[in-house]
Amino acid sequence: MNELRPDPDKLLDMVQREQEKALRGKLKIFFGASAGVGKTYAMLSAARQLRDRGLDVVVGIVETHGRVETMAQMEGLEVLPRKEIEHRGKLLSEFDLDGALARHPPLILIDELAHTNIPGSRHPKRWQDVEELLTAGIDVFTTVNVQHLETLNDIVGGITGIRVQETVPDKVFDQADEIILVDITPDELLQRLKEGKVYIPQQAEGAIRNFFRKGNLIALRELSLRRTADRVDDQMRIYRQERSIGGAWHTQDSLLVCVGPEPGAEKMIRKASRIATQFGVEWHAVYVETPHLQHQPRAERDRILKTLHFAQDLGAETAVLAGQNPDIVLVDYARNHHLFQIIIGGRRTSAWNFFRPSFADRLARLSTDRDVIQLACAVPDERISTKPAVAREATPKIYWMSYAWAVIACAAATGVAALLLPYFDIANIVMLFLLAVVFVAVKYGRGPAVLASFLSVGLFDFFFVPPRFSFAVGDVQYLLTFAVMLIVALIIGQLTANLSYQVRVASHRETRLRALYEMARDLSSVLLPQQIVDISHKFIEATFSVKVAILISDAEDRLHLPDTGEASALAIDMGIAQWAFDHIEAAGFSTDTLPGSSVLYLPLRAPMRTRGILAVEPSHSSWLLIPEQRRQLDGFVALIATALERVHYIEVAQDASVRIESERLRNSVLSALSHDLRTPLTNLAGLSDSLTLTKPALPRQQLDLAIAIRDQTSRMSALVNNLLDMARLQAGNVKLNLQWQPLEEVIGSALAACEQQMSGHHLDISLPLDFPLLEFDAVLIKSVFCNLLENAAKYTPPNSTVHIEASVDGSQARISVTDNGPGLVPGSEETIFEKFTRGVRESSTPGVGLGLTICRAIIEAHKGRIWAENMPVRGARFTFTLPLGIPPTLDMESRA
Amino acid sequence: MTSHTVIIIEDEKQTRRFLRLSLEAEGYHVFEAETGGEGLKAVASRKPDMVIIDLGLPDMDGVEVVKKLREWSTIPIIILSARSEEKEKIIALDVGADDYLTKPFGTGELLARIRVALRRAISNEQAGNGTFSIADLTIDLIHRKITKMGEEIHLTPIEYRLLSVLAQHQGKVLTHSFLLKEVWGPNQMDNAHYLRIYMSQLRHKLEKEPVRPRYILTEAGVGYRFAVE
């Protein structure tokens, strides 16, 4: 095996990626170490050059900051009008994404990629706007400073002492098609500053003065150079991989980051992202939820989930895993996903686990074939851990209440024990306290149980162990009682708390599963979309206590609210819904797209296509952060989508069977009609014909009548034939009897068939001797010729010439019938092919205008084209084409 | 005046009536049969010179009647078909019918076909001199010599075989499959284009205007017929 040969799957993947890339717009980033290096200027002058070469360039948004040089560059470029958005009573202007998409220029300039949009814009971040522009196939030029890159943000913060809030995910930077580093030396930049060429906002002047210290500038410059170099390195690596130039495949370095509740998780994620980017490997971030962790206050959990979300933004695959032993779960996950390095945060070993091996040790012991990297204890990063205010108030209250109950339970146990002391032995009194601990553990969990354990020992000592009402212990043997009592209480408390927790978790799970199961069961029997809507309402509203609406898409991919007859409980923004549907991406509440909306729009994506949108309005803001809920909602969404698709296919199947049935009916009506009409016509024609032939001959007048009857009958029967042929052809079920044959032969048989009609006309046939065989149905093409010849005979005066001509035109045979008569009524060249149209309206020339309609149907069934035109001087020409194909070869003189 | 006997097997009363009228006007003796079974019996007992069979009969398929007749008789058979019976028409010709008429048809057309078929039957009986001639074309099968206006025409072996099969069945409609079988043998039945190409070559050698043939006529979708006059 040649190891260097590219993997076919990878090649296919590459082709697909390149196809996608070809449709996408190109992103060019002008990258600089700090403000004032001239990124915007460079971008504008690059754009000007393209504009001068004839490219339609539009300035989407550029801040000149009053810099004269930059403003000069802007001159003459088309600037997109900004959008005015009202925010807190102030009218602010912002980049107009919809305007840009409507204008759809080949290239648009968007300054400051890291900009945060004004609340109420479609996306919270400008880079998301750019993403949408690129998806729409628009090329984008943009600018970024090094400190705005997500993973470098804290490093820059460390250097300069200033943290910027606006960041761009590194993946945007890395996936850009081109990076132009705009670089000047720190001295030059300082010079420019002094000359006042760099605009400095008044309010932050001091901070920015600090920022522009030479040391900072050197460090920033180094950082940006290095980052650019990393990217070039990546490009080299990708190039080598794509060309199969013996590159190493980096699966060995793929990372798994374990996110825990400890502070500084975000920093760990940044670090991991940086490592992953540097080595160009995939990385996953997971959170293992243990019973202990599940017990965390909601704010804690929200923080962890936000960290995971953050990792996802940085390009990680994320997952929430559940299990008793995080080490086992982690190693399993790493094995299944072929991740070879496990990164964990530094944990301070707690006093409880002093004698236990550390988490890192346990991991290392479990996975001898994987590296375990423990990062240093990180400083908490406050940027993410801002807890939701509601959660912070609610949780501690419940917490303190349960501890209070633990105290009350112990007090009650003491009271009862005091009452029973005269009758029972002191050793049995102890049992009452253990009972209290069990009660607290079941009811309030581990913490209160521990408190209850200690409290019980204390109370027992104080009230019941002689000397009573003092903590002093008279008899040393009570020390053993205390120790055993404490240990037993702690263990019982621990076990009971775990058990009751697990029961609770299990029952939650069961409720969730039952809801899913019941919904699946109910949905499996529905036949109408409305039933799906009703069932979804019932289950989702009951499960989450939220408001729900379902929008179903029609054949043109437009969304509709099913007509329920009552107004929807939700204020649905059809614009967001349609966006989510078109992009097959969740939008609205808690997403990246229009997060300000109070409604979450989830696309109902079924195996074949997206069927609609589920709109959900949650009752509180932290709702979807809980992974189980999210999972359950996703489950509901999948069920609804599949049900909608199933119902759709039921409709399709019904349509098909109705169509088959109606076709069968039409066919039987047609054949009955054709028999019932033709038999009397045949007889009429024959009988009148035999009248004309009677011997002795009829008197003159009666003979004329008989002949008239015969002629009218034959006209009638031609008409019936045409009508029935048309009906058959239009039903689309004519089976062509395709045979390879010479055109000459079919023209010959057509000429023989309409010899009588053509008798008054001259015929001129030019058919090349080497004209190829064509594949057609002889009977049908003969009737095309007959129709065209009869028309020519009918609409031209006697002694006119009809010219039949055939030639090869590319992959088509082109056959025309031309006359030198009066020609077509101008403008009727197309309408004459419609049913019941004739060249001259209400003319006395017999024949219903079905002939040409039949011709068109026949030619189209042969995958050809037929059209009519007037000749420059005189006459009309009817031309039709037939595909040439590859005629079979002739090798039979030998075979015969 | 001829006094040939014709049997009409047709279930439609009015059709029988006008057929009888026109044929009797021409001096034929006409017998009618309403069903296939009746018709077969009539043919056996009356020994007619010609049978006209409608394809759509109530008791049995017209094709079946042709087949049964051909088991013991060579009398000329003309079939009457409706337009929706294209396939049956070709099968009927394949199993031995001489000619066909598609409804509705003119009486003149019918009489002409009957005349041709009858004459063919008579000339078959007298066959033996192996010479066919039509207008200025003479085909001498014994000496393998084709002359047109006294000039000899040279044919390839296949062209000759094709022409001789056509000439021997002068006036009769020969289906594509019949000709393929006769000229190329039963193994080339799927190569209908062979026949068409050779037919075209033959026409170019014989006919003055191949697109408006005088000798070899095309029956579109069915086959060919060697003209009588």
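The figures here come from the full heavy-atom set of this structure, side chains too, leaving out hydrogens, waters and symmetry mates. Letters go in sequence order (proteins before strands), and every chain restarts at 1.
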When every non-hydrogen atom of A:Val779 is compared with those of B:Ala220, the smallest separation belongs to CG2-O, 3.7 Å

Straight-line distance of B:Ile197 CD1 to A:Gln741 CD, nearest 0.5 Å: 11.0 Å

Rounded to the nearest 0.5 Å, what separates atom OG in A:Ser749 from atom OH in B:Tyr224? 9.5 Å

Side-chain contact, heavy-atom cut-off 4.5 Å: A:Asp689 with B:Phe18? no

Kindly indicate whether the side chain of A:Glu744, heavy atoms from C-beta on, has any atom under 4.5 Å from the side chain of B:His204. yes

What part of B:Arg16 gets within 4.5 angstrom of chain A, counting heavy atoms only: side chain, backbone, both, or neither? neither

What distance separates A:Ser690 OG from B:Glu24 CD, expressed to the nearest 0.5 Å? 11.0 Å

Measure the shortest side-chain to side-chain distance between B:Gln14 and A:Thr679 over non-hydrogen atoms and say whether it is less than 4.5 angstrom. no

Are more than 12 heavy atoms from other residues, nucleotides or ligands located less than 6.0 Å from atom CE of A:Met716? no

Any non-hydrogen side-chain atom of B:Arg196 less than 4.5 Å from a side-chain atom of A:Glu745? yes

Tell me, side chain or backbone of A:Leu687 under 4.5 Å from chain B's heavy atoms, or both, or neither? both

Pick one of side chain, backbone, both or neither for A:Leu769, based on which atoms fall under 4.5 Å of a heavy atom in chain B. side chain

